[in-house]
Q: 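The structure follows.
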Amino acid sequence: GPCICMQACSMAGGEELHSCRHFIGYQVTGVFMKNWDPLDEQGACSIDRDCEDAYRVCQKLDIPFHQVSYVKEYWNEVFSDLLKEYELGRTPNPDILCNKHIKFNYFLHYAMDNLGADAIATGHYARTSLEDEEVFQQKHTKRPQKLFRNRFEVRNTVKLLQGADLFKDQTFFLSQISQDALRKTIFPLGDLTKSFVKKIAAEHDLHHVLKKKESMGVCFIGERNFENFLLEYLEPQPGNFVSIEDKKVMGRHKGWFLFTIGQRARLAGLKDAWFVVDKDVSTGDVFVAPSRDHPALYRDLLRTNRVHWIAEEPPAELVREKMMECHFRFRHQMALVPCVLTLNQDGSVWVTLVKPARAITPGQFAVFYKGDECLGSGKILRMGPSVYTLQQGKNREESPKKEEIDKIEPAT
């Protein structure tokens with residue numbers, strides 16, 4: 001039967017098992033992908049344990065096991081970008097780039113070209129508009145990268161759809177992958193819930209993987225202290241914490257890149273919680289506000305870079321009307337927010353939110369949805385003014401100037 005390469009690292013056993021069950025009658029090969037070299041820094045890493053787990057699952061399922069290393073590619077195409085983004089004062093999302101450049105690019109080509117696979121399967125909670133059978137009928141051809149595509153070429157675009165388990169849905173992380181990769185990918189977990197997958201693993205005594213914690217950290221850093229990790233690669237850039245309200249200096253920090261908008265700032269000697277609302281890379285100031293829901297954290301407008309559309313071009317409605325209503329999120333698992341997109345000449349979009357959202361963050365990706373379809377994403381580069389800034393401006397317009405007040409009421 002058709003040959004499938006299953007990515008065996010991010011799956012937690014039950015996932016692989018279901019996938020194999022899903023692929024009865026197919027030849028399945030497990031592949032473990034290593035993207036980070038723990039020798040690069042102090043302390044042991046969980047990568048070797050993950051590899052061991054993947055190997056044990058493949059043994060149990062009696063399928064071949066391969067390992068590939070993309071440490072160099074990951075460094076060049078994901079990690080160096082991450083450092084550059086932090087230096088620019090942005091907060092990157094390496095997991096989205098890892099899928100775009102490594103998993104659905106290098107790994108996919110390795111599976112097709114070196115292992116002779118007809119398709120790849122990954123443990124993402126997502127679905128596509130293709131049935132498995134249709135995936136196997138897709139021919140793997142390197143399409144010439146022409147600047148303009150032939151407008152008469154009939155292309156049945158494959159859609160990326162949210163997983164049935166909406167809470168676990170991972171289309172957010174897949175929002176930058178190519179149409180060509182999507183045509184060759186099967187997501188066996190797309191119709192399942194996480195709890196059902198765990199049940200399958202338990203029934204087949206894959207207890208060693210059931211005990212694993214969900215990995216929530218950046219793929220390669222794992223559970224380590226992020227501040228110390230970054231300071232191994234970036235020079236400290238000391239600066240001030242500054243109150244957004246009265247511009248008073250509230251304390252010192254080791255670098256603006258250690259803070260992201262919306263996070264709590266630990267200010268020495270203050271027991272109240274303050275939150276990061278903005279950063280000025282030119283001065284090194286990190287602006288803070290005294291409450292979690294301060295209006296300085298809310299904005300209703302942002303601009304992206306050139307949007308990557310899963311369908312390779314913007315939705316027809318957006319091209320036709322130059323505007324389109326849809327939904328978006330800029331963090332995994334946040335509730336979808338209604339918005340209006342405005343298409344710019346350069347392929348970027350303005351996103352106008354129906355109501356202001358908290359902690360929109362440059363460097364993060366705005367991922368767009370229409371119904372259960374994930375349309376694609378763009379990196380947030382600019383933001384409109386905060387609700388607080390707008391309130392301040394309004395107050396200034398409405399309140400008479402101090403000198404005018406003095407004229408009216410002479411000081412006695």
Q: Between atom CG of L160 and atom CZ of F187, what is the distance when rounded to the nearest 0.5 Å?
A: 6.0 Å
Q: To the nearest 0.5 angstrom, please state how far the NZ atom of K379 sits from the OG1 atom of T304.
A: 10.5 Å
Q: Can you tell me how far the CG atom of L390 sits from the NZ atom of K394, to the nearest 0.5 Å?
A: 9.5 Å
Q: Any idea which heavy atoms bring M383 and T361 closest together, and the distance?
A: SD-N, 4.4 Å
Q: Parallel, tilted or perpendicular: which fits the ring planes of F229 and F79, with parallel below 30° and perpendicular above 60°?
A: perpendicular
Q: Assign the ring pair Y26 / F136 to parallel, tilted or perpendicular, where the plane angle (0 to 90°) is split at 30° and 60°.
A: tilted
Q: Please check if atom NZ in K247 has more than 12 non-hydrogen atoms from other residues, nucleotides or ligands closer than 6.0 Å.
A: yes
Q: Ignoring hydrogens and geometry beyond distance, is a side-chain donor-acceptor pair present between E77 and Y106 at under 3.5 Å?
A: yes
Q: Passes side chain to side chain contact (heavy atoms under 4.5 Å, CB included), T185 versus T128? Steps please.
A: CA-CA 8 Å; T185 303; T128 74; 5.7 Å; no
Q: Answer with yes or no whether the side chains of N344 and S348 bring together a donor and an acceptor at under 3.5 Å.
A: yes
Q: Could you tell me how the ring of F259 sits relative to the ring of F241: parallel (under 30°), tilted (30 to 60°) or perpendicular (over 60°)?
A: perpendicular
Q: For the ring pair H66 and F32, is the centre-to-centre distance below 6.0 Å?
A: no
Q: Find out whether E87 and V281 are in side-chain contact, i.e. whether some heavy atom of one side chain is under 4.5 Å from a heavy atom of the other.
A: no
Q: Please determine, by modelled atom types, if S178 and D180 share a side-chain donor-acceptor pair under 3.5 angstrom.
A: no
Q: If you round to the nearest 0.5 Å, how far is CZ of R266 from CD of Q263?
A: 9.5 Å
Q: Could you tell me whether E317 and K370 make a salt bridge, using a distance below 4.0 angstrom between a side-chain N and a carboxylate O?
A: yes
Q: If I compare all heavy atoms of L297 with all of S291, which pair ends up nearest, and what's the gap?
A: CD1-O, 4.3 Å
Q: Work out which heavy atom in V319 is nearest to a heavy atom in L343; give both atom names and the distance.
A: CA-CD2, 4.4 Å
Q: Starting at CH2 of W274, measure out to CE of M250 and round the result to the nearest 0.5 Å.
A: 3.5 Å
Q: Taking all non-hydrogen atoms of both residues, which atom of P94 and which atom of V78 are closest, and how far apart?
A: O-CG1, 3.7 Å
Q: Do we see a donor-acceptor contact under 3.5 Å between the side chains of T171 and D169?
A: yes
Q: So do the side chains of C51 and K34 get within less than 4.5 Å of each other, counting heavy atoms only?
A: no
Q: Can you check side chain to side chain contact (heavy atoms under 4.5 Å, CB included) on L336 and Q162, steps first, answer last?
A: CA-CA 12 Å; L336 286 172; Q162 294 193 79; 4.1 Å; yes
Q: Atom CZ in F330, atom OG in S377: separation rounded to 0.5 Å?
A: 14.0 Å
Q: Verify, without hydrogens or angle tests, whether K279 (side chain) and G89 (backbone) share a donor-acceptor contact under 3.5 angstrom.
A: yes
Q: Between D118 and K184, is there a side-chain N and carboxylate O pair less than 4.0 Å apart?
A: no
Q: So that I can tick it off, tell me whether K254 and E227 are bridged by a salt bridge, with the cut-off set at under 4.0 angstrom between side-chain N and carboxylate O.
A: yes
Q: In sequence, state the C-alpha distance, the side-chain angles, and the governing distance for E245 and Y388, and then conclude on side chain to side chain donor-acceptor pair (under 3.5 Å).
A: CA-CA 9 Å; E245 291 186 347; Y388 180 72; 4.8 Å; no
Q: Might you point out which heavy atoms bring C339 and L341 nearest each other, and give the distance in Å?
A: SG-CD2, 4.1 Å
Q: Decide, yes or no, whether a salt bridge links R90 with D81 under the criterion of side-chain N to carboxylate O below 4.0 Å.
A: no
Q: Please report the closest heavy-atom contact between C326 and Y369, naming both atoms and the distance.
A: CB-O, 3.3 Å
Q: Kindly check if the number of other-residue, nucleotide or ligand heavy atoms within 6.0 Å of CG (D293) is above 12?
A: yes
Q: Kindly check if the number of other-residue, nucleotide or ligand heavy atoms within 6.0 Å of OH (Y55) is above 12?
A: no
Q: Do the ring planes of Y86 and F226 sit parallel (below 30°), tilted (30 to 60°) or perpendicular (above 60°)?
A: tilted
Q: Between the side chains of D95 and K103, is the shortest nitrogen-to-carboxylate-oxygen separation below 4.0 Å, so that they form an ion pair?
A: no
